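I have placed the structure first, in the form of structure tokens, so that the comments after it can refer back to it.
Below, all heavy atoms of this structure are taken into account, side chains as well, without hydrogens, waters or symmetry copies. Because the structure is predicted, anything quoted here is derived from the model rather than measured. First the proteins, then the strands, lettered A, B, ... as listed; each starts at 1.
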Amino acid sequence: MSTDTRPVRVRFAPSPTGDLHVGNIRTALFDWAYARHTGGQFIFRIEDTDRERVTDEYIQAAIDTLKWLGLTWDEGPEVGGPYGPYLQSQRLDIYAEWAAKFLAQGDAYYCYCSSDELEERREAQRKANVAPGYDGKCRTIAPEDLARYIAEGRKPVLRMRMPDGSTTFTDSIRGEVTFDHNFVPDFVLVRGDGSPLYTLAVAVDDVLMKVTHVLRGEDLLSSTPRQIRVYQAMGVKPEEYPTFAHLPFVMGQDNAKLSKRNGEVSIAWYRDRGFLPEAICNYLALLGWSPGEDRENVTMQELTELFTVERVHSSPARFDMKKLEAINGDKIRLLSLEDLLNRSLPFLQKANVIDGTDAEIAVVKSALPLIQERIATLAEVVPMLRFLFATKFEVDPDSAPKIQDEQSQAVLAKTNEVLQAIVDWDHATLESVLRVALIEEMGLKPRIAFGAVRIAVTGSHISPPLFESMELLGRERSLERINSAIK
RNA sequence: GGCCCCGUCGUCUAGCGGCCUAGGACUCUGGCUUCUCAAGCCAGCUACGAGGGUUCGAAUCCCUUCGGGGCUACCA
């Protein structure tokens with residue numbers, strides 16, 4: 001990509017037939033990072049030529065997802081730009097114009113073959129062990145046949161004529177790639193109803209929008225010769241073609257391509273579970289790329305500084321939830337208290353743990369430092385802090401039996417006794433008093449003694465540090481819970 | 001089937017002919033620390049798919065083979 005001297009223009013052009021998923025976002029992230037790294041423009045274009053499958057909701061969701069991740073675009077929906085519109089469904093007249101030109105030039109031709117006829121011939125090709133694909137039947141049509149087709153009311157598609165020979169291009173990630181045209185059949189540019197197909201729209205738009213670099217999924221690698229064929233028909237000089245870089249796949253937990261079956265792939269799913277956008281980006285950046293030097297944790301800023309296509313792999317990567325969680329935990333620990341608070345509050349409110357009053361927020365703010373290093377996702381603040389706000393407190397069913405025994409009951413009785421006498425209800429006092437009473441006097445192991453108190457007070461054997469928790473809970477509620485745990 | 005792409009620990013990766021008895025991270029196992037859970041620290045397990053070449057020397061270059069994936073639509 002270094003030989004290219006044009007100002008860099010990269011586009012991310014999803015077809016929103018569903019929520020943007022992990023693979024799409026990894027592509028968007030690399031597109032964005034490359035544009036930012038080179039000081040070029042990042043273009044966001046919606047490929048909605050297939051209106052049967054693309055919906056407005058998905059388009060909006062795609063816009064929201066990119067925004068949430070912080071992948072801001074210079075041209076595209078909402079911000080506009082000099083080469084708009086950026087929704088292909090609003091550019092239909094442009095594609096029609098070029099299609100007409102290709103037809104007039106003889107690069108394209110009308111094909112009247114019906115779907116059934118094509119399917120039949122494809123089947124025959126398969127049986128004969130011949131490369132399947134359009135056989136070029138309609139390249140020439142006898143006048144009487146044409147008259148018959150028209151009389152039958154057939155609506156023709158427009159096909160691109162692939163000349164003999166081959167197409168070779170240099171992929172920045174894979175090197176030189178060649179496709180023999182024997183395996184690139186005449187492809188459809190315009191449907192029978194007059195609407196354009198991806199193959200036409202993508203090429204026309206990349207040229208018209210002056211895109212210089214196309215970084216996209218590996219699945220589009222074999223469609224590149226078709227795209228180049230359209231450039232040729234448009235009269236674009238080879239040196240003005242975009243540079244292609246086909247990114248390796250991101251695969252699911254098992255082996256195959258990412259799908260809903262093996263783990264959640266929609267970015268919205270991760271957002272709702274408390275994953276940080278910067279953690280998702282950092283993790284995704286590591287799939288197919290690496291900053292080198294044994295480095296992994298990078299900020300968005302560092303990502304744009306370090307990202308180069310040369311360091312992108314050619315082999316596919318598997319998505320690993322565990323590693324994402326680990327990185328998310330790292331990022332959470334890096335957050336300032338204020339930032340962590342603002343990001344946690346929506347989760348607590350949504351779970352009805354708090355209403356959002358100032359008093360509640362103050363408590364959350366005091367409690368957050370206690371759990372910051374104990375959570376891997378923001379959603380985990382909910383089970384961690386619920387005990388501080390429970391109006392009807394109940395001990396967790398799994399933990400309840402653990403404080404029924406004689407020893408635990410003795411611990412709770414003793415705890416109640418010594419704490420009644422305490423004046424200063426702060427964690428330091430609580431700890432020293434309970435250490436004397438339970439560890440020294442009763443001779444119990446700390447984990448046994450404090451474990452019982454923990455369950456009684458927080459309702460679970462897993463909680464933030466005990467004494468700090470009791471301080472936050474307050475004297476009244478703490479003693480109340482200890483008492484109600486005593487039979 | 002055909003065409004194309006890919007192949008280093010379980011996973012993500014470093015490596016671009018000697019620094020590799022292959023490094024880091026996640027996971028897992030053991031230990032330390034410890035009021036639980038985490039975090040942190042220490043240790044351990046585990047990899048160049050296979051076979052041929054080229055070379056003084058190959059994870060790194062070439063070939064074959066095996067394996068995985070993609071495409072093969074009036075989807076993108």
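- Picking from A73(B), C26(B), G7(B) the nucleotide with the shortest atom distance to the side chain of R122(A) gives A73(B).
- In this structure, H246(A) reaches neither bases nor backbone, as no heavy-atom distance under 4.0 Å exists between it and the strands shown.
- Checking the phosphate oxygens (OP1, OP2) of G68(B), no side-chain nitrogen or oxygen of R318(A) falls inside 4.0 Å.
- As rounded to the nearest Å, U46(B) and C66(B) have P atoms that lie 31 Å from one another.
- The residues R174(A) and E218(A) are annotated as salt-bridged, a charged nitrogen and a carboxylate oxygen being separated by less than 4.0 angstrom.
- Residues of residues 446-463 of chain A that place a heavy atom closer than 4.0 Å to RNA chain B, in numerical order, are P446(A), R447(A), F450(A), R454(A), H461(A), I462(A), S463(A).
- Using a 4.0 Å heavy-atom distance criterion, E296(A) is classed as a base contact.
- Between the side chains of R216(A) and H246(A), at least one donor N or O lies within less than 3.5 Å of an accepting N or O.
- Using a 4.0 Å heavy-atom cutoff across all strands shown, R295(A) reaches no nucleic acid atom at all.
- Side chain R311(A) to base U13(B): no donor-acceptor pair is found below 3.5 Å.
- Between D206(A) and R45(A) there is a salt bridge, since a side-chain N of the basic residue sits under 4.0 Å from a carboxylate O of the acidic one.
- Counting non-hydrogen atoms under 4.0 angstrom, R53(A) reaches a base of the nucleic acid.
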